[in-house]
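In the text below, chain A, chain B and the rest are named by the order of the sequence lines, each starting its count at 1. Keep in mind the model is a prediction, meaning the values are calculated, not measured.
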Protein chains: 2
Amino acid sequence: MTTRGASPEGADPLREAQDRFVAVWGQMAGAWGISRTMAEVHALLYISGEPLCTDDIMERLDISRGNASMSLRALLDWGIVERAHKRGDRKEYFNCEQDVWTMFRAIVRERIKREVDPLLASLFEIRDLTPESKVPGAATHNERLDALVDFFSTVEKLGHRFVSPPGRGLQLAASLLGSFVGASSRPAPTEGKP
Amino acid sequence: MTTRGASPEGADPLREAQDRFVAVWGQMAGAWGISRTMAEVHALLYISGEPLCTDDIMERLDISRGNASMSLRALLDWGIVERAHKRGDRKEYFNCEQDVWTMFRAIVRERIKREVDPLLASLFEIRDLTPESKVPGAATHNERLDALVDFFSTVEKLGHRFVSPPGRGLQLAASLLGSFVGASSRPAPTEGKP
DNA sequence: TCGAACTTTCAAAATATTCTGAAAGCGATG
DNA sequence: CATCGCTTTCAGAATATTTTGAAAGTTCGA
């Protein structure tokens, strides 16, 4: 169906842009430690901006029902997609959080919980394996562990600070740091970046 | 064979703690988008605090020469491990950056370069597919893209600010935000820690 | 209580990533 | 300039992750 018609109406540029966005977002997935499909589902819900049902997603992304279901479940767990319903329709629809800052606050919250907190717990345990009184040679080893503990404690506190208020955590941090953000101030739009 | 002098037990607590740390750090790897082995090699170099050669790493981690070589190369590319040499020894040794803040600055620098910058470039391209003059229905679509562009532009600027100075970027941000960081303040470590 | 309309689950299949080991490469030394 | 000691490369093997699809589960209306 995507065969380009010679007429100006042949291609749908909006659809095309959406597909590009879905692909780009999907590529990021690896770096973020989630599956490509999960990222694509999220991308589709975000960029289309309206509630979609499982079948919409299956068809648009060409994935199986099971895959769509599991990806949606994971997105719900992350708190960046929510269920929605249409009157007189038994199907479930899904809606992506549309405020970017709220979305990333949810992501940060979840990653702290899943990654930073367990890591800190492990670091404490590991440090307790080598009390200097019992393990004389462990001084520098313990210092190295402490340095990591300090670092991740800071990250955790900063994260909570970013996550908890309804306000603009990161933006606030940014302006406090002296950079004025808020206008997108992009480089030349048409062609690629330096 | 690890029997060290008068130690009553065969166990070496320091070695054990190192192994635990290597395992824990390795588990984080998935979430960070790097391979488990690469993270383990890094963990070993960090926690042992001294230069190790390829054979040390192979033996300690029980991995092949090829794997060790590739992981080390990747760590060098990330700029968190450096080559070292011992006099009268032809082997190459490897040294991990020992300052945690410097280490994470390198990581942030690299991730911005590899993930954020290309993403921003793609977002600009995608937005240019749907100028409102040519694609009347694209207004909200473009707004959604702009919201992401703004967000990642902010992230990029903040990142550079954290990365560039030799000082304590994140710590500074943290204290400006009003949280007092620096003491690790967590479940009581068995050993007294200031 | 039944059955239609959906959703979720999960074992097996498909796919992607990581690891190995042997061979090729490299550069210092005799 | 041949050899030695060490490092890097890469095709194929091993392993891990992701996806599918069909069956089981759930919910709602009559």
Engineer: Please give, in whole Å, the distance from C:dT20 C1' to B:D62 CG?
Structural biologist: 12 Å

Engineer: What nucleotide among C:dT8, D:dT8, D:dT20 has an atom nearest to a side-chain atom of A:R73?
Structural biologist: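 When the side chain of A:R73 is considered, C:dT8 is the closest of C:dT8, D:dT8, D:dT20.
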
Engineer: If we check side chain to side chain contact (heavy atoms under 4.5 Å, CB included) with A:D89, which of these qualifies: A:K91, A:E92, A:R87?
Structural biologist: A:K91

Engineer: Tell me the interatomic distance from B:I57, atom CD1, to D:dT7, atom P, rounded to whole angstroms.
Structural biologist: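 My rounded result for the distance is 10 Å.
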
Engineer: On the nucleotide C:dC6, are OP1 or OP2 found under 4.0 Å from the side-chain N or O atoms that A:T54 carries?
Structural biologist: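 No, no such contact exists.
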
Engineer: Ignoring backbone atoms, establish whether A:R65 has a side-chain N or O less than 4.0 Å from OP1 or OP2 of C:dC6.
Structural biologist: no

Engineer: What is the distance, to the nearest angstrom, from the CE atom on A:M70 to the C1' atom on D:dT19?
Structural biologist: 9 Å

Engineer: Over how many whole Å does the gap from B:E92 atom CD to D:dG5 atom P extend?
Structural biologist: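 Answer to the nearest Å: 17 Å.
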
Engineer: With the side chain of A:K91 defined as its heavy atoms from C-beta on, choose the nearest nucleotide among D:dG21, C:dC6, D:dC6.
Structural biologist: C:dC6

Engineer: Rounded to whole Å, how long is the line connecting atom CG of A:D89 with atom C1' of D:dG29?
Structural biologist: 15 Å

Engineer: Tell me the interatomic distance from A:N67, atom CG, to D:dG21, atom P, rounded to whole angstroms.
Structural biologist: 11 Å

Engineer: What's the NE2-C1' distance between A:H85 and C:dC6, to the nearest Å?
Structural biologist: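 Those two atoms, NE2 and C1', are 11 Å apart.
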
Engineer: Within a reach of under 6.0 Å around CZ of B:R73, are more than 12 heavy atoms found that belong to other residues, nucleotides or ligands?
Structural biologist: no

Engineer: Quick one: which of A:V22, A:D56, A:D19 gives a side chain to side chain contact (heavy atoms under 4.5 Å, CB included) with A:L44?
Structural biologist: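 Answer to the side chain to side chain contact (heavy atoms under 4.5 Å, CB included) test with A:L44 among A:V22, A:D56, A:D19: A:V22.
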
Engineer: If you take atom types as modelled and just measure distance, does the side chain of A:R90 reach the base of D:dT27 with a donor-acceptor pair under 3.5 Å?
Structural biologist: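 It does, because a donor-acceptor pair links the side chain of A:R90 to the base of D:dT27 below 3.5 Å.
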
Engineer: If you look at every strand shown and take non-hydrogen atoms under 4.0 Å, does B:S69 touch a base, only sugar-phosphate, or nothing?
Structural biologist: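 Answer is base: heavy atoms of B:S69 come under 4.0 Å of a base.
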
Engineer: Hey, what do you get for CZ (A:F152) to CD (A:E115), rounding to the nearest 0.5 Å?
Structural biologist: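 Reported to 0.5 Å precision, the distance equals 10.0 Å.
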
Engineer: What is the distance, to the nearest angstrom, from the CE atom on B:M58 to the C1' atom on C:dC19?
Structural biologist: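 After rounding, the gap between these two atoms is 12 Å.
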
Engineer: Do B:R111 side-chain atoms and A:A31 backbone N/O form a donor-acceptor pair below 3.5 Å?
Structural biologist: yes

